[in-house]
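Before any comments, here is the structure.
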Amino acid sequence: KQEVTQIPAALSVPEGENLVLNCSFTDSAIYNLQWFRQDPGKGLTSLLLIQSSQREQTSGRLNASLDKSSGRSTLYIAASQPGDSATYLCAVHSNYQLIWGAGTKLIIKP
Amino acid sequence: ETGVTQSPTHLIKTRGQQVTLRCSSQSGHNTVSWYQQALGQGPQFIFQYYREEENGRGNFPPRFSGLQFPNYSSELNVNALELDDSALYLCASSLWTNTDTQYFGPGTRLTVL
């Protein structure tokens, strides 16, 4: 059974720092992995999708990597800003469903 | 191109009642998946519909049921509501490939009193 874990559960850093969020999964048989952002009380915004054949994807200040063999993905945020404060969720696409981590709540202090 | 839409935005029901949530898929998509997200947790897969047939189901009881219509819009029905059904219900649409991205609607916030 696929399980997805995100560490840390919460993170608070000063503005301007570079940071890394971690996601691990137990079964390497995935089609892709996706990182999402969720603002309080809101829906999901897709940030990056990495296909199983890819190693990384980049969008602006965000870079996501995928190591299927070790069951790990990281989301790197460069030069963090207060507007980056949100909960970040990773999800693996396994068969027909997305299986989710519980998220990392990120607070960027001005 | 129209994105995924959901209605209503918010809903308050009492225990034992029934509720219907609606989702319109993105243009060109024939697959709809439903997820439940309790407060402080990641979403949990409820079920998926492909061309009007249930294609897969998560660990939810039969009182959670769904429909998909010929235009690929979908409904989620929950009978005999329980307090623990209070959550954000998310709908996602996609093309039928296992590698395809699922595009999410804004969700329906259900509160059961």
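Sequence lines set the chain letters: A, B, ... in the order given, protein chains first and strands last, and positions in each chain run from 1. All of these numbers come straight from a predicted model, not from anything done at the bench.
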Original post:
Within residues 103-113 of chain B, which positions have a heavy-atom distance to chain A below 4.5 Å?
Top reply: B:F104, B:P106, B:R109
Which bit of [X] comes within less than 4.5 Å of chain B, counting heavy atoms only: side chain, backbone, both or neither?
| X | result |
| --- | --- |
| A:Q6 | neither |
| A:Q34 | side chain |
| A:L89 | side chain |

Judged by modelled atom types alone, do [X] and [Y] share a side-chain donor-acceptor pair under 3.5 Å?
| X | Y | answer |
| --- | --- | --- |
| B:N77 | B:T20 | yes |
| A:E56 | A:S65 | no |
| A:N32 | A:S52 | no |

Side chain, backbone, both or neither of [X] within contact of chain A (heavy atoms, under 4.5 Å):
| X | value |
| --- | --- |
| B:Q37 | side chain |
| B:Q48 | side chain |
| B:Y50 | neither |

Original post:
What residue, out of B:Q6, B:Q44, B:Q41, B:Q102, has the most heavy-atom pairs lying under 4.5 Å from chain A?
Top reply: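 The candidate making the most pairs under 4.5 Å is B:Q102.
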Subject >> Partners passing side chain to side chain donor-acceptor pair (under 3.5 Å) against B:R57 (at least two apart in sequence or in another chain) >> reply: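 For B:R57, the residues satisfying side chain to side chain donor-acceptor pair (under 3.5 Å) (neighbours in sequence not counted) are B:E54.
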Original post:
Parallel, tilted or perpendicular: which fits the ring planes of A:F36 and A:W100, with parallel below 30° and perpendicular above 60°?
Top reply: tilted
Original post:
Which pairs count as salt bridge (charged side-chain N to carboxylate O under 4.0 Å, His left out) when at least one residue sits in residues 13-38 of chain A, sequence neighbours excluded?
Top reply: A:R37-A:D39
Subject >> Working for ring-ring contact (aromatic ring centres under 6.0 Å, His included), residues B:F47 and B:Y49 >> reply: CA-CA 7 Å; B:F47 44 55; B:Y49 278 82; 5.3 Å; yes
Subject >> Partner set under salt bridge (charged side-chain N to carboxylate O under 4.0 Å, His left out) for B:R22, not counting sequence neighbours >> reply: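 B:R22 satisfies salt bridge (charged side-chain N to carboxylate O under 4.0 Å, His left out) with B:E75 once adjacent residues are dropped.
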Original post:
Would a hydrophobic clustering, with Ile, Leu, Val, Met, Phe, Trp and Tyr connected at side-chain separations under 4.5 Å, put A:Y88 with A:L62?
Top reply: yes
